[in-house]
Protein chains: 2
Amino acid sequence: MATKSSFVDVDADSHFPLQNLPYGVFRIPNCAEGPRPGVAIGGLVLDLSVVASHGLFDGPILTNSDCFQQNYHDKHIGGLDEYNDEVIIDADDEPTLRDNSSLREKALLPMNSVEMVLPIVIGDYTDFYSSFYHAKNCGLMFRPENPIHPNWFQLPIAYHGRASSVVISGSDIIRPKGQSHPVGNSPPHFGPTQKLDFELEMAAVVGPGNEPGKPVDVNEAENHIFGLVLMNDWSGTTISPWIVTLEALEEFACDAPNQDPRPLPYLTEKKSKNYDISLEVAIKPAGEEQSSVVTRSNLKHLYWTLSQQLAHHTINGCNLRPGDLLGTGTISGPVPESLGCLLELTLNGQKPISLNNNSTRKFLEDGDEVVFTGFCKLILNQIAGKWLQDWVWE
Amino acid sequence: MATKSSFVDVDADSHFPLQNLPYGVFRIPNCAEGPRPGVAIGGLVLDLSVVASHGLFDGPILTNSDCFQQNYHDKHIGGLDEYNDEVIIDADDEPTLRDNSSLREKALLPMNSVEMVLPIVIGDYTDFYSSFYHAKNCGLMFRPENPIHPNWFQLPIAYHGRASSVVISGSDIIRPKGQSHPVGNSPPHFGPTQKLDFELEMAAVVGPGNEPGKPVDVNEAENHIFGLVLMNDWSGTTISPWIVTLEALEEFACDAPNQDPRPLPYLTEKKSKNYDISLEVAIKPAGEEQSSVVTRSNLKHLYWTLSQQLAHHTINGCNLRPGDLLGTGTISGPVPESLGCLLELTLNGQKPISLNNNSTRKFLEDGDEVVFTGFCKLILNQIAGKWLQDWVWE
Ligand SMILES: [Ca+2]
Ligand SMILES: [Ca+2]
Ligand SMILES: [Mg+2]
Ligand SMILES: [Mg+2]
Ligand code: NI
């Protein structure tokens, strides 16, 4: 458990109070040294490579580990295996750090002086489809006679996404092009998609992995989740730079929905829990100052829990590796104001929504910036991205 | 172009004649040094890290590159970008190597003294479905009224596979378990799969990648393919240890099938080609000496070419990275003896096939070893794996 006071001053409204010391990877602009892992504390970033190289870890795992001194691109995944509350305790009440001002200046950097990079090397990225409300709403639009197939209630459905296209918050996203099939038997048409959307999701970052052929027990699955990020699954997938540890979220755990039919034994949990995390999406049109909140949802609406997702993922013998990303799927809630994507919010473009600046949206327009915020009592994190259409075919 | 004589003796029936100098990554058992890249020449492996550290590269790209001296796990992907015929020319008629016997002993290792490891760090693995015969046969079994949807002829369909489960030839493969749905409205059943299959495929290994939002032109796509491996897409995906360069295969290029309807401009090639590579699958039951060849196919049967697959993969703006793996999909030919998987060969288990030892197979049995061989005039490579059922649930 993290201690709750520190020699580091933290603003009351900070996204990163002492209860939330998330893990990220940063670099210093124009600096020859490569990216390195850090922990956010208020408006500061604690450089874990400095902490490690000065021997400030004193817990049993990290004291002799070089996991934070290795080259980011090569090895930082290792850190996820070993990062734990040893880091947190050392970060906030370590006397060497507190009393040595030149070391402190080197180890604690103003957050606005660093540039965040993708916090993990993602081996594989899987996206689930675990919100009942989202599944039902999508089903009603495209298969009204049979909106949710019975197997949806038997296992957490997922698809396998592309690791290369996962980018960090703030990255420009380019409107994809491809084939579409207008009407009837006409030949397919090539061009930019007309239905750009966001998808409000969170994602679990895998800590310790599992061996091929050795599934993770659902009641142990939590121990394989390092933490959570906010995720926008649009074209390219954007994640937040800071991974909030599952430990920091523990006090916001809540009961998961009752599951009927009862899942098979390998998916049955002794204690089935979600996390009460408020989620919000705002759109800021190009050139506007103000953004408009377009939906408010909550992670607690998931039907399938994170543990069930992870256990199911490994049940066929599939191996997960540290840094793998497991998206929840679009998180929609039960009321119209809590739907997790424009497809649902506008009924596939039939009912445009209004923004503060009196414009409307069926889907996203070029230049729109989309901002996700997640918060418990403590504020989780933010994720932002902007659509660009900067290349033209032919 | 590779020269065709060398101071290295190569057996006439070697899998690795001088026309085929494939790239792989190996390690020396019980040696502290990590894996490193090498080139197969006859029964020897040329250690590229030794070649590089002795300054034996004299071409414009590799002379000053450290791509083969870097740690395998960290950086060897870089080698794929830069590996080219400079390696080949230097490998076979480099006088320093020829005349310095102690260096030669260090640089040229007997193949049976090394252990091959996965030759690439696979960022993402995509599997296409590009054989018309395979698509038709599968369609006829499961949707006889509509075996091939019209869109199959408009673009090379693919699914995204899991990089973590790609293993090297010789790895044990474990029979997967999961939910299946026996009959009617009965509840789902949990257990090991009854229909273990192999899938005869090849895969392109991506060399230079592309930036997000910058698709690869179909007529340039070949330049983004480093080479080909044999691939068995079963549970876990097995690839051969040696990547045969596209350059070595060039003399086996042949015309691709005519495509009707004509594909959209972004898929239309100035010259549409396949490669004439004979493929063979043998099954060796546990405890048997003899294996039985169960099918013979050829890469040239693909409807969609490797270049079309790669160009289509990037057309929506998706970025490929060096080391990405693009499977062809099961390669079936037009005749019954050329089908690429047991599903087709046995009509989904209805028509068992016979092996040399008088046993029959509907699907694979525990302990079966499956061996793929690919050959042009030059022999390509081999891939082998064995089914195991070594863990039990509950
Ligand atoms: Ca999604
Ligand atoms: Ca396949
Ligand atoms: Mg998603
Ligand atoms: Mg396949
Ligand atoms: Ni990777």
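Throughout, a chain's letter reflects where its sequence line sits, starting with A, and its residues are numbered from 1. Since the structure is predicted, the reported quantities are computational estimates derived from the model, not experimental observations. Computed from heavy atoms alone, side chains included, the values below leave out hydrogens, waters and symmetry copies.
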Inset, instruction - Flag yes if more than 12 heavy atoms outside A:Arg143 fall under 6.0 Å of its CZ atom; otherwise flag no. - result: yes
Legend entry - B:Asn151, part contacting chain A, at a heavy-atom distance under 4.5 Å: neither
Inset, instruction - Check A:Ala163 against B:Gly123 and note the closest heavy-atom contact, atom names and distance. - result: CB-O, 4.1 Å
Legend entry - Heavy-atom donor-acceptor pair, A:Asn316 side chain to B:Pro176 backbone, under 3.5 Å: no
Inset, instruction - For residues B:Arg162 and A:Leu320, determine if any side-chain heavy atom of one lies less than 4.5 Å from a side-chain heavy atom of the other. - result: yes
Legend entry - Heavy-atom contact with chain B under 4.5 Å, split by part of A:Gln179: side chain
Inset, instruction - Would you name the heavy atoms of A:Leu264 and B:Pro188 that are closest together and state the gap between them? - result: CD2-O, 4.0 Å
Legend entry - For the student: nearest non-hydrogen atoms of B:Gly161 and A:Asp124, plus distance: O-OD1, 4.3 Å
Inset, instruction - First locate atom CG of B:Leu267, then atom CZ of A:Phe190, and finally report the distance between them rounded to the nearest 0.5 Å. - result: 9.0 Å
Inset, instruction - Could you tell me which portion of B:Thr193 (side chain, backbone, both or neither) has an atom closer than 4.5 angstrom to a non-hydrogen atom of chain A? - result: neither
